[in-house]
Amino acid sequence: MPELPEVETTRRGLEPHCRGRHVVGVVVRQGRLRWPVPDDLDALLCGQAITCVERRAKYLLFRLQAGTLLVHLGMSGSLRVVEQVAPVLTHDHIDLQLDSGQALRYHDPRRFGSVHWIATGAAHPLLRGLGPEPLSTAFDGQRMHQLARGRRTPIKNFIMDAKVVVGIGNIYANEALFLAGIRPDRAAGRVALARYQRLAEKIKQVLTNAIDQGGTTLRDFVGGDGKPGYFAQQLYVYGREGAPCKHCQRPLHACRLGQRSSVYCVTCQR
DNA sequence: CGCTGACCCTGACGGC
DNA sequence: TGCCGTCAGGGTCAGC
């Protein structure tokens, strides 16, 4: 479910309900996620106020007085604000009960997500070594071109590498490469600077558009409609194998790169 | 260091 | 109807 735009949309939706609220209880129904949920989560969080909700890559960071609760949604995770008395569904693994009578409810069928505690002043290995945010000025074509020197890995794998840039998932890797006119299987080290500059622009453009759409269509997701809004947006290649290219009408090709489906136009992408 | 493939887990879907 | 294989938006890790 969550690519960067949905994580950012989730952050924006959650923050008004969390900011300044105290955690008054924690319920862990299933603690076996990608990594085990800290077994003393209740003791770590209770009585503290959430000061703000931030995002880094696809991680949500709930800032509390004594530290940070780090949450990743994996492939199928979601976080909603619900009334504490709302019925508990299958795969509703964790509740953070707030002093508003509401709860932050973590739902994750595949359990590829994770929850971590970072004490104030401590570092966390999962956050160390992350590349720049794609929407920041630290990310640009020059940086990619520089890092790609000598690399023979496909450019699609390269832009999905969190050391290069964070937050580019499979959907938007495919879409950005189409918009930039670059084949996903081209060796990263064999793409010129000007094309990397165009790719950086397209990555920023496609993510920005998706966040804008998510912000619109996910307006009420906090109440229970968790439909990812960005599915409504026009996708050029992702999920369109065999369908006509929206630029040249020829059928789109598919291949697998790094065990992930990749769709592209052999004519428009070189 | 760079790259590939296995793996964590549940659910949806298509073919038989 | 049921069973089986395949695939799914993510990320880490072992091994070569």
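Please read these numbers as outputs of a predicted model, since none were measured by experiment.
Summarising the geometry, the separation between CZ on A:Arg32 and C1' on B:dC7 is reported as 14 Å, rounded to the nearest angstrom. When the P atom of B:dC8 is taken as reference, atom CG of A:Leu33 falls 15 Å away, rounded to whole Å. Atom pair A:Asn174:CG and C:dG9:C1' shows a separation of 11 Å (rounding to whole Å applied). Spacing between atom CZ of A:Arg149 and atom C1' of B:dG2 amounts to 17 Å, rounded to whole angstrom units. Nucleotide B:dC3 holds its C1' atom 16 Å from the CD1 atom of A:Ile155, rounded to whole Å. A:Asp92 places its CG atom 15 Å from the P atom of B:dT10, with the value rounded to the nearest Å. What separates CZ of A:Arg111 from C1' of C:dA8 is a distance of 17 Å, to the nearest Å. Rounded to a whole Å, the CZ atom of A:Arg110 is 9 Å from the C1' atom of B:dG11.
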Contact state string [nucleotides 11-16 of chain C, B base, S sugar-phosphate only, - no protein heavy atom under 4.0 Å]: BS----

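Contact between the side-chain N/O atoms of A:Ser261 and the OP1/OP2 oxygens of C:dA8 is found at a separation under 4.0 Å. Applying the 4.0 Å criterion to OP1 and OP2 of B:dT4, one finds that A:Arg152 has every side-chain N and O outside that range. For A:Tyr172 and C:dG9, the shortest distance from a side-chain N or O to OP1 or OP2 is not below 4.0 Å.
Here A:Phe112 lies parallel enough and close enough to stack on the base of B:dC8, with planes under 30° and ring centres under 5.5 Å apart.
By the 4.5 Å heavy-atom criterion applied to side chains, A:Val27 and A:Val88 are not counted as neighbours. Put simply, the side chain of A:Gln269 does not reach to within 4.5 Å of the side chain of A:Arg186, judged on heavy atoms. Using a 4.5 Å heavy-atom cutoff, the side chains of A:Leu96 and A:Leu45 are in contact.
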From CA spacing to verdict: side chain to side chain donor-acceptor pair (under 3.5 Å), A:Tyr106, A:Asp108: CA-CA 7 Å; A:Tyr106 178 83; A:Asp108 187 2; 2.7 Å; yes

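The aromatic rings of A:His247 and A:Phe178 sit tilted relative to each other, their planes meeting at an angle between 30° and 60°.
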May I have the list of side-chain donor-acceptor pairs in residues 189-206 of chain A shorter than 3.5 Å, sequence neighbours left out?
{"from": "A:Arg195", "atom 1": "NH1", "to": "A:Arg270", "atom 2": "O", "distance (Å)": "3.4"}
{"from": "A:Arg195", "atom 1": "NH2", "to": "A:Gly181", "atom 2": "O", "distance (Å)": "2.9"}
{"from": "A:Arg195", "atom 1": "NH2", "to": "A:Arg270", "atom 2": "O", "distance (Å)": "3.0"}
{"from": "A:Tyr196", "atom 1": "OH", "to": "A:Ala188", "atom 2": "O", "distance (Å)": "2.7"}
{"from": "A:Arg198", "atom 1": "NH2", "to": "A:Leu179", "atom 2": "O", "distance (Å)": "3.0"}
{"from": "A:Lys202", "atom 1": "NZ", "to": "A:Gln205", "atom 2": "OE1", "distance (Å)": "3.4"}
{"from": "A:Lys204", "atom 1": "NZ", "to": "A:Pro134", "atom 2": "O", "distance (Å)": "3.1"}
{"from": "A:Lys204", "atom 1": "NZ", "to": "A:Ser136", "atom 2": "O", "distance (Å)": "2.8"}
{"from": "A:Lys204", "atom 1": "NZ", "to": "A:Phe139", "atom 2": "O", "distance (Å)": "3.0"}

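Rounded to the nearest Å, the gap between the C1' atom of C:dG9 and that of B:dC3 is 23 Å.
Within the shown strands, nothing qualifies as a pairing partner of C:dG9 under the Watson-Crick or G-U definition with both distances less than 3.5 Å.
Ring pair A:His93/A:His107: centre-to-centre distance not below 6.0 Å.
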